[in-house]
Number of protein chains: 2
Amino acid sequence: MNSKAELEKDLTAEAKIKAAALKLFTQKGFDAVKTREIAAEAGINLALLNYYFRSKENLFELIMLENMSMFAAGISVIIHNSATTLDAKISALTSHYIDILIKNPNVPQFVLNEMQSHPEKITDIIGQKINIFQSDLMKQVQQEMQKGHLVNLSHPIQYFVNLLALTIFPFVSRPLLMKLGDINDEAFAQMMEGRKKMLPVWLKAMYAPKTKNE
Amino acid sequence: MNSKAELEKDLTAEAKIKAAALKLFTQKGFDAVKTREIAAEAGINLALLNYYFRSKENLFELIMLENMSMFAAGISVIIHNSATTLDAKISALTSHYIDILIKNPNVPQFVLNEMQSHPEKITDIIGQKINIFQSDLMKQVQQEMQKGHLVNLSHPIQYFVNLLALTIFPFVSRPLLMKLGDINDEAFAQMMEGRKKMLPVWLKAMYAPKTKNE
DNA sequence: GTCTATAGACTGATAGAC
DNA sequence: GTCTATCAGTCTATAGAC
């Protein structure tokens, strides 16, 4: 029954709209995307969008929530786990994060941008879903700090900031890096793949006590 | 002649519009800001905006260019200087960058966002103004790499990425950090001030060869 | 469920008075 | 230079046919 043209498009209208909205919202942000554009991208009519989702804002919030959940799900499992070492958590976290980001390179910029325009909304969701301050990850960082195994660190939040910065920032500055380094999407993904190995090494070295006298 | 109400507002209409546009564009991005909103913020009429700047897009590009020039000016001087050491450049660069960013915390997110929607436009400007690859900074990084003084570094661009990430990312994730850490603008600025001292230390430690056998 | 047609509000820009 | 009033186009959302 499926024509060749529909081979890849065997989705309900609702799913097609969500896929189109996800793509466009993450690319351009809420205000830059018009409902007509989403409808066209989904290959359906404008009226159908409102039939399924009542309003543009409603559709947006749904997309945003699903997006954040996808990111939060894997991370939460890793950081709330008392059975793994700090080093193991960092390796798992950076590796997992980069894998998702390579597949969704526009999402970080999208989330950060929404965070700027509607801070309460987004930070609430992240705070609930991740709950970093009550995680085993944070506990272990504090323990290591007390033991003196992590130097040059005034507050555990700095550890967290630097981890996120080194992991996420290359993706939000992707257009610049691709231009300056004169590389394409594939080469960029490869470069990020290479960072997977390096991130735990760098993060450990940043706070490593000097070992001159050993 | 100036009334009390105008005490702080002794600016030409043109300057008031530019100030309002800068504030709103950096806060919300091009599409989210309406011309009527800029006019209201500037305390002038909508028609006057078009009288001075012909169009919204024109006004935007002007603001963007001035913004980028402000950032690029100081940086260019630092990285194109064969008389200073690599360490001195890093200290000057991070310190100078953070000072500007504390005063303009919304600008990085604004620039990154525009970079996403109009990559060619922004990356061209940055590439021209900064020209990182032909800088003395890059030459010195490559020299140090060849001498084996920088380990764990596959390509000099990674050095550059990590430098930018650790410097800029806290500002683009500012709303999240303020929420999670439960801090206000002043405390955030103080936290960034504290990072000024740490950034050169961290960046040096990341690539420092082990010194066990000394 | 899916479409066409259109209502109703908003947007960027301009004409023209002062 | 600065304003009021308004045009022409676009936007989201809905009414109503099938």
Side-chain angles (χ1 to χ4, degrees), chain A residues 1-3 5-65 110 113-114 117-118 121, chain B residues 1-3 5-65 110 113-114 117-118 121:
Chain A
M1 189 68 105
N2 286 335
S3 73
E6 286 170 355
L7 223 156
E8 300 273 331
K9 294 283 184 178
D10 195 9
L11 297 166
T12 65
E14 189 176 2
K16 281 194 277 187
I17 295 170
K18 276 171 69 172
L22 173 64
K23 178 180 166 187
L24 292 172
F25 279 140
T26 52
Q27 250 173 37
K28 317 206 282 177
F30 181 78
D31 292 281
V33 176
K34 308 306 171 187
T35 50
R36 282 171 170 79
E37 202 179 352
I38 300 174
E41 173 80 25
I44 54 93
N45 190 275
L46 171 60
L48 210 55
L49 190 151
N50 286 80
Y51 173 76
Y52 280 113
F53 301 98
R54 269 189 33 242
S55 74
K56 179 187 178 184
E57 184 144 345
N58 216 43
L59 173 59
F60 179 78
E61 300 218 2
L62 198 94
I63 297 290
M64 169 62 80
L65 243 165
F110 170 62
N113 202 43
E114 277 312 301
S117 4
H118 313 289
K121 203 182 287 180
Chain B
M1 190 67 103
N2 285 335
S3 73
E6 285 169 355
L7 222 157
E8 300 274 331
K9 293 284 186 180
D10 195 10
L11 296 166
T12 65
E14 189 176 2
K16 283 193 276 186
I17 295 170
K18 276 171 68 172
L22 173 65
K23 177 180 167 188
L24 291 171
F25 278 141
T26 53
Q27 250 173 38
K28 317 207 282 177
F30 182 80
D31 292 283
V33 176
K34 308 306 170 187
T35 51
R36 282 170 170 78
E37 201 180 352
I38 300 174
E41 173 78 25
I44 54 91
N45 191 274
L46 172 59
L48 210 55
L49 190 151
N50 285 80
Y51 172 75
Y52 279 114
F53 301 98
R54 269 188 31 243
S55 74
K56 179 187 179 185
E57 183 143 347
N58 217 42
L59 172 58
F60 179 77
E61 300 218 359
L62 198 93
I63 297 290
M64 170 62 82
L65 245 166
F110 170 61
N113 202 43
E114 278 312 303
S117 6
H118 313 289
K121 202 182 288 181

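No hydrogens, no waters, no symmetry mates; every other heavy atom, side chains included, goes into these values. Below, chain A is the first sequence line, B the second, and so on; all start at residue 1.
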Check: Between B:Phe25 and B:Phe30, how do the two ring planes meet: parallel, tilted or perpendicular, split at 30° and 60°?
Finding: parallel

Item checked: B:Lys18 and B:Tyr52, any side-chain heavy atoms less than 4.5 Å apart -> no

Notebook entry, point to check: Is the shortest side-chain N/O distance from B:Thr35 to OP1 or OP2 of C:dG12 below 4.0 Å?
Noted result: yes

Checklist line | Side-chain heavy atoms of A:Phe110 within contact of A:Gln27, under 4.5 Å | finding: no

Margin query: Could you tell me how far apart A:Glu57 (CD) and D:dA13 (P) are, to the nearest whole angstrom?
Written below: 9 Å

Note to self: Of the options D:dA13, C:dT11, D:dC3, whose atoms approach the side-chain atoms of B:Arg36 most closely?
What the structure shows: C:dT11

Checklist line | For atom NZ of A:Lys34 and atom P of D:dG9, their distance in whole Å | finding: 18 Å

Item checked: Distance, rounded to the nearest Å, where B:Leu11 contributes CG and D:dT2 contributes P -> 12 Å

Next item on the list: Output the single nucleotide from D:dT2, D:dT14, C:dG1 whose closest atom is nearest the side chain of A:Tyr52.
Entry: C:dG1

Notebook entry, point to check: Between atom CD1 in A:Ile17 and atom P in C:dG1, what is the gap in whole Å?
Noted result: 12 Å

Next item on the list: Taking A:Asp31 for its side chain and B:Asp31 for its backbone only, find out whether a donor-acceptor pair lies under 3.5 Å.
Entry: no

Checklist line | Short side-chain N/O contact from A:Asn45 to OP1 or OP2 of C:dC3, under 4.0 Å | finding: no

Notebook entry, point to check: Closest to the A:Asn50 side chain: D:dT14, D:dT6, C:dG1?
Noted result: D:dT14

Check: Of the nucleotides C:dT4, C:dT2, D:dC3, which one has an atom closest to the side chain of B:Ile44?
Finding: D:dC3

Check: B:Phe53 CZ to C:dA13 P: how many Å, rounded?
Finding: 13 Å

Checklist line | Closest to side chain of A:Tyr51, choosing from D:dT14, C:dT2, C:dA13 | finding: C:dT2

Next item on the list: Going by the salt bridge (charged side-chain N to carboxylate O under 4.0 Å, His left out) test, name the single residue among A:Lys23, A:Lys28, A:Lys56 that passes it with A:Glu37.
Entry: A:Lys28

Notebook entry, point to check: Counting side-chain heavy atoms from C-beta on, which of D:dT14, C:dT2, C:dA13 comes nearest to B:Leu46?
Noted result: C:dA13

Next item on the list: Please report, rounded to the nearest Å, how far the C1' atom of D:dA15 is from the CZ atom of A:Arg54.
Entry: 18 Å

Margin query: Without decimals, in angstroms, what is the distance between A:Lys56 NZ and D:dT14 C1'?
Written below: 17 Å

Margin query: Using whole Å, what does the distance between atom P of nucleotide C:dC10 and atom CG of B:Asp31 come to?
Written below: 18 Å

